[in-house]
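Within every chain, numbering begins at 1; the chains are lettered A, B, ... in the order of the sequence lines, protein sequences first and strands thereafter.
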Number of protein chains: 2
Amino acid sequence: MQQDQDIAAVFVDRWNQAASFEQTGTCPVRDVLDKIGDKWSMLIVMYLAAGPKRFNQLHREVPDISQKMLTQTLRDLQRDGLVSRHVFDTKPPSVEYRLTGLGQSLIVPFGYLIDWANQSIPSIEAARASYDKAA
Amino acid sequence: MQQDQDIAAVFVDRWNQAASFEQTGTCPVRDVLDKIGDKWSMLIVMYLAAGPKRFNQLHREVPDISQKMLTQTLRDLQRDGLVSRHVFDTKPPSVEYRLTGLGQSLIVPFGYLIDWANQSIPSIEAARASYDKAA
DNA sequence: CCGCATCCCTGCTGATACTG
DNA sequence: CAGTATCAGCAGGGATGCGG
C-alpha cells in the first residue's frame with residue numbers, strides 16, 4: 001500500500017515535471033508508454049529477443065504486419081536506441097536487426113507486465129461479461 | 001538470456017493463440033497493452049492508487065483531461081474490473097471511484113515499467129539526439 | 001532484398017453545449 | 001455534482017506502386 005503510493009508519487013511527479021515537458025510538449029514517461037501501447041513495437045522487440053533477425057525474416061514471422069509499418073517501427077526503435085541495425089554488403093544486400101543492451105533491459109519489466117496480463121485475463125473477461133450483462 | 005527467450009516465447013505464443021483471438025478479432029494481451037498505452041487510463045490508475053477519489057476531484061487533479069475522456073476512461077476501467085464505482089445518494093449526488101484488488105495488483109508490474117522508463121530516459125534521449133544528428 | 005512515397009479511410013480525441 | 005450528446009480535426013495505419 002505504502003509502496004503503491006510511492007510508485008504513484010514518482011510517476012505523477014515525473015508526469016507533471018515540467019523539465020522537457022514544457023519545452024518539447026511531450027512527457028518522457030508518456031513517450032515510453034506510447035511505445036508499449038504501440039501496435040507493433042513491443043511485438044517486434046519480443047521477436048528480436050530470441051536473437052538477431054533480418055528484415056524479411058521479421059516480415060514473415062510477425063503476423064499481419066505491413067512492410068511499411070515494419071520499416072517505420074524498426075526506425076523508431078533504432079532511434080530510441082532499443083534496436084541496432086547492421087547492413088551486410090552482399091548481393092542482394094541483407095540487413096540485420098538486433099536488440100541493444102537497452103532493448104534487452106526492457107524485456108525484464110515488460111515481462112512482468114505480460115505475466116500480469118496472462119494471469120489477469122480471466123478476471124478481466126469475467127468483469128467485462130458481468131458489466132455487459134448488467135446493460 | 002535464456003529467460004528472455006522464455007518470456008518472448010510465452011508472449012508470442014499467447015499472441016498467436018487463436019482461442020478468443022480468431023473469434024473476437026482481438027488478442028487478450030493486445031487488450032492489456034492498449035490500456036497501458038492509452039492516454040489516460042494508467043494516469044488515472046496512478047492517481048487512484050493514492051486512495052479513493054470523487055469524480056470532480058479527479059477532474060481537478062488530472063492535468064488537462066476533459067470531462068468526456070474522464071468519464072469514458074473510468075467506464076472502461078470499471079468494465080475491466082480495475083476500478084469500482086460507488087454512488088452516494090446525497091444531494092448534490094457524489095460518486096466515488098477506487099481501485100479494485102485487480103487494479104491494485106496492476107500497480108506492481110506497472111511500477112517496474114515506470115522505474116525502467118525513468119532510468120532509461122537519459123539513454124533514450126541520448127540515442128535520439130545521436131540518431132537525429134546523423135541526419 | 002530492402003525501403004520510400006502516396007493515397008485514403010477509420011477511429012480517437014477535444015470542444016462545446018445540454019440534462020437530472 | 002456527475003454525467004450525456006453532437007460535431008469537427010487530426011494521426012495511425014493499411015494498400016499499392018516505385019526505386020537502389
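- Note on B:Asp31 versus B:Lys35: no salt bridge recorded, every NZ/NE/NH1/NH2 to OD/OE distance being 4.0 Å or above.
- Each of A:Met69 and B:Phe55 has a nearest nucleotide on DNA chain D; the 5'-most of these lies closest to B:Phe55.
- Residue A:Asp89 contributes atom CG, which lies 13 Å from atom P of C:dC2 at whole-angstrom precision.
- Atom CG of B:Asp34 and atom C1' of C:dC12 are 12 Å apart (whole Å).
- The heavy-atom pair separating B:Gly81 from B:Thr100 by the smallest distance is O-OG1, 2.6 Å.
- Whole-Å rounding puts the B:Ile65 CD1 to C:dT13 C1' distance at 11 Å.
- Closest contact between the side chain of A:Asn56 and the listed nucleotides D:dC1, C:dC2, D:dG14 involves C:dC2.
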What protein N or O atoms touch nucleotides 16-20 of chain D N or O atoms at under 3.5 angstrom, if any, and at what distances?
none

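- Minimum interatomic distance between B:Pro28 and A:Ile121 (heavy atoms only, all atoms of both residues): CB-CD1, 3.3 Å.
- For the pair B:Phe88 CZ and D:dC1 P, the interatomic distance rounds to 16 Å; values are reported in whole Å.
- Here the nucleotide nearest the side chain of B:Lys39, chosen from D:dG14, C:dC2, C:dG14, is C:dG14.
- If you take CG of A:Leu43 and C1' of D:dG13, they are 15 Å apart, rounded to a whole angstrom.
- The shortest non-hydrogen separation linking B:Tyr97 to B:Leu48 is O-CD2, 3.6 Å.
- For A:Arg54, no side-chain nitrogen or oxygen approaches OP1 or OP2 of C:dC1 to under 4.0 Å.
- Each of A:Thr71 and A:Pro92 was assigned the nucleotide of DNA chain C with the nearest heavy atom; the assignment lying further toward the 5' end belongs to A:Pro92.
- Residues satisfying the side chain to side chain donor-acceptor pair (under 3.5 Å) test with A:Asp76, not counting sequence neighbours, are none.
- Summarising the geometry, atom NZ belonging to B:Lys39 is positioned 12.0 Å from atom CD1 belonging to B:Ile44; distances are rounded to the nearest 0.5 Å.
- Going from atom CG of B:Leu70 over to atom P of D:dA5 covers 17 Å, rounded to whole Å.
- For B:Arg85, taking side-chain heavy atoms from C-beta onward, the closest of the listed nucleotides C:dC4, D:dG13, D:dA2 is D:dA2.
- For the pair B:Tyr97 OH and D:dA2 P, the interatomic distance rounds to 8 Å; values are reported in whole Å.
- A salt bridge does not link B:Glu96 with B:Lys53: none of the charged nitrogens is closer than 4.0 Å to a carboxylate oxygen.
- Look at CD on A:Gln72: it is 18 Å from P on C:dC2, rounded to the nearest Å.
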